[in-house]
Amino acid sequence: SSGKTTMLRDLAKQLGARHKVCIIDERSELAAVYRGEPQLDIGLNTDVLDGFPKGDGIMAALRALSPEIILCDEIGGDYDEVSACLNAGVRVVVTAHADSFDQLCRRRATARLIETGAFDMAVMLCGGEKIGQIDDIYAIT
């Protein structure tokens with residue numbers, strides 16, 4: 001409840017204006033696809049893989065869509081797929097649940113990605129009455 005999905009959707013719109021972007025939208029929360037068409041503005045150059053499990057969608061995007069950037073909401077245990085993106089020169093933007101950066105680094109789903117340098121930074125959002133506001137930004141080295 002901090003605005004992660006909303007921020008990711010807005011970021012897709014901004015990035016999709018200048019880059020080839022692919023959204024892996026497992027639960028139809030980012031693009032609100034209806035009859036094959038996104039109902040929300042997600043950027044002119046943005047493809048959507050709707051209803052795909054994240055790992056399968058990431059690999060399908062890499063093989064068939066030649067994205068520059070892949071966006072996923074609520075990343076889980078998709079280490080191999082995210083690594084494949086990085087090895088192919090594709091940037092990845094994801095969200096994850098965590099109350100703090102320390103907790104993010106301890107979560108099994110994200111710890112391995114952080115430890116291996118999959119991400120340049122982590123942006124922590126505020127919750128409560130400050131939904132959608134940035135609490136802190138951590139450079140990951």
Side-chain angles (χ1 to χ4, degrees), residues 1-140:
S1 298
S2 60
K4 294 181 299 298
T5 302
T6 302
M7 295 278 264
L8 191 62
R9 183 183 309 117
D10 190 53
L11 187 58
K13 176 182 174 181
Q14 292 177 43
L15 291 170
R18 289 175 273 155
H19 300 280
K20 288 179 67 178
V21 173
C22 185
I23 294 174
I24 312 304
D25 200 0
E26 189 170 18
R27 293 183 306 262
S28 302
E29 293 178 313
L30 290 166
V33 172
Y34 178 71
R35 295 186 179 183
E37 293 292 325
Q39 302 302 298
L40 302 172
D41 186 357
I42 52 164
L44 184 59
N45 299 312
T46 304
D47 291 311
V48 180
L49 295 180
D50 184 60
F52 275 74
K54 285 176 197 72
D56 294 343
I58 289 169
M59 296 311 294
L62 281 178
R63 288 186 189 113
L65 300 174
S66 65
E68 295 173 71
I69 304 165
I70 292 178
L71 288 92
C72 299
D73 202 12
E74 299 176 13
I75 197 75
D78 304 299
Y79 174 81
D80 292 335
E81 292 84 353
V82 171
S83 293
C85 288
L86 301 175
N87 290 334
V90 176
R91 305 282 246 162
V92 179
V93 179
V94 300
T95 65
H97 290 277
D99 291 332
S100 68
F101 182 68
D102 288 336
Q103 184 185 55
L104 186 69
C105 292
R106 287 191 312 268
R107 286 188 64 224
R108 188 170 17 141
T110 51
R112 188 170 173 204
L113 290 167
I114 291 169
E115 289 169 4
T116 58
F119 303 115
D120 296 329
M121 70 179 67
V123 178
M124 303 301 293
L125 300 177
C126 299
E129 295 179 18
K130 296 181 179 182
I131 292 174
Q133 293 182 35
I134 295 174
D135 182 43
D136 210 342
I137 300 174
Y138 295 87
I140 301 174

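Small disclaimer: the values here were computed from a predicted structure and weren't measured.
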note = Taken to the nearest 0.5 Å, the spacing of Gln103 CD from Thr110 OG1 works out to 8.5 Å
ask   = Are any side-chain N or O atoms of Asp41 and backbone N or O atoms of Gly43, one a donor and one an acceptor, separated by less than 3.5 Å?
value = yes
key: Qualifying residues under side-chain contact (heavy atoms from CB on, under 4.5 Å), relative to Asp10, sequence neighbours excluded   = Lys13, Gln14
note = dist Ile134:CD1 -> Met7:CE (nearest 0.5 Å) comes out at 5.0 Å
note = Heavy-atom closest pair (Ala111 atom, Arg106 atom, distance to 0.1 Å) is CB-C, 4.3 Å
ask   = Looking at residues at least two apart in the chain, or sitting in another chain, which of them share a ring pair (Phe, Tyr, Trp, His ring centres under 6.0 Å) with Phe52?
value = none
inquiry  = Taking the side chain as everything from C-beta on, heavy atoms only, tell me whether Cys85 gets closer than 4.5 Å to Ile58.
reply    = yes
query = Between CG of Leu40 and OG1 of Thr46, what distance do you get to the nearest 0.5 Å?
reply = 12.0 Å
query = Is the shortest heavy-atom distance from the side chain of Ile70 to the side chain of Ile24 under 4.5 Å?
reply = yes
ask   = About how many Å separate CD of Glu81 and CD1 of Ile75, when rounded to the nearest 0.5 Å?
value = 8.0 Å
task = Starting from the C-alpha separation in whole Å, work towards a yes-or-no answer on side chain to side chain contact (heavy atoms under 4.5 Å, CB included) for Leu30 and Thr5.
result = CA-CA 7 Å; Leu30 290 166; Thr5 302; 3.7 Å; yes
query = Ile140 versus Phe101: any side-chain heavy-atom pair under 4.5 Å?
reply = yes
remark   = Rounded to the nearest 0.5 Å, the CG atom of Leu15 sits from the CD1 atom of Ile69 at a distance of 4.5 Å
List the atom pairs, donor and acceptor, that lie under 3.5 Å between side-chain atoms in residues 115-128 and the rest of the protein, sequence neighbours left out.
{"residue": "Thr116", "atom": "OG1", "partner": "Arg112", "partner atom": "O", "Å": "2.9"}
{"residue": "Thr116", "atom": "OG1", "partner": "Leu113", "partner atom": "O", "Å": "3.3"}
{"residue": "Asp120", "atom": "OD2", "partner": "Arg91", "partner atom": "NH1", "Å": "2.9"}

task = Just grab all the side-chain hydrogen bond (donor to acceptor under 3.5 Å, both in side chains) pairs involving residues 22-32, residues at least two apart or on different chains.
result = Glu26-Lys54, Arg27-Glu29, Arg27-Glu74, Ser28-Asp50
request  = Determine whether Thr6 and Ile131 make a side-chain contact, defined as any pair of heavy atoms from C-beta on separated by less than 4.5 Å.
outcome  = no
key: Validation row: Val93, Leu8 side chains within 4.5 angstrom (heavy atoms)   = yes
query = So do Ile42 and Val48 actually touch side chain to side chain, heavy atoms under 4.5 Å?
reply = yes
request  = Using the side-chain hydrogen bond (donor to acceptor under 3.5 Å, both in side chains) rule, collect all pairs that involve residues 62-72, keeping only residues at least two apart or in two chains.
outcome  = His19-Glu68, Lys20-Ser66
remark   = Correct closest heavy-atom pair for Ala61 and Cys22 would be CB-SG, 3.7 Å
task = State, to 0.1 Å, how close Asn45 and Ala17 come at their nearest heavy-atom pair, and which atoms those are.
result = ND2-O, 3.8 Å
inquiry  = Going by the rule side-chain contact (heavy atoms from CB on, under 4.5 Å), which residues pair with Ala88 if we only count those two or more places apart in sequence or in a different chain?
reply    = Leu62, Val90
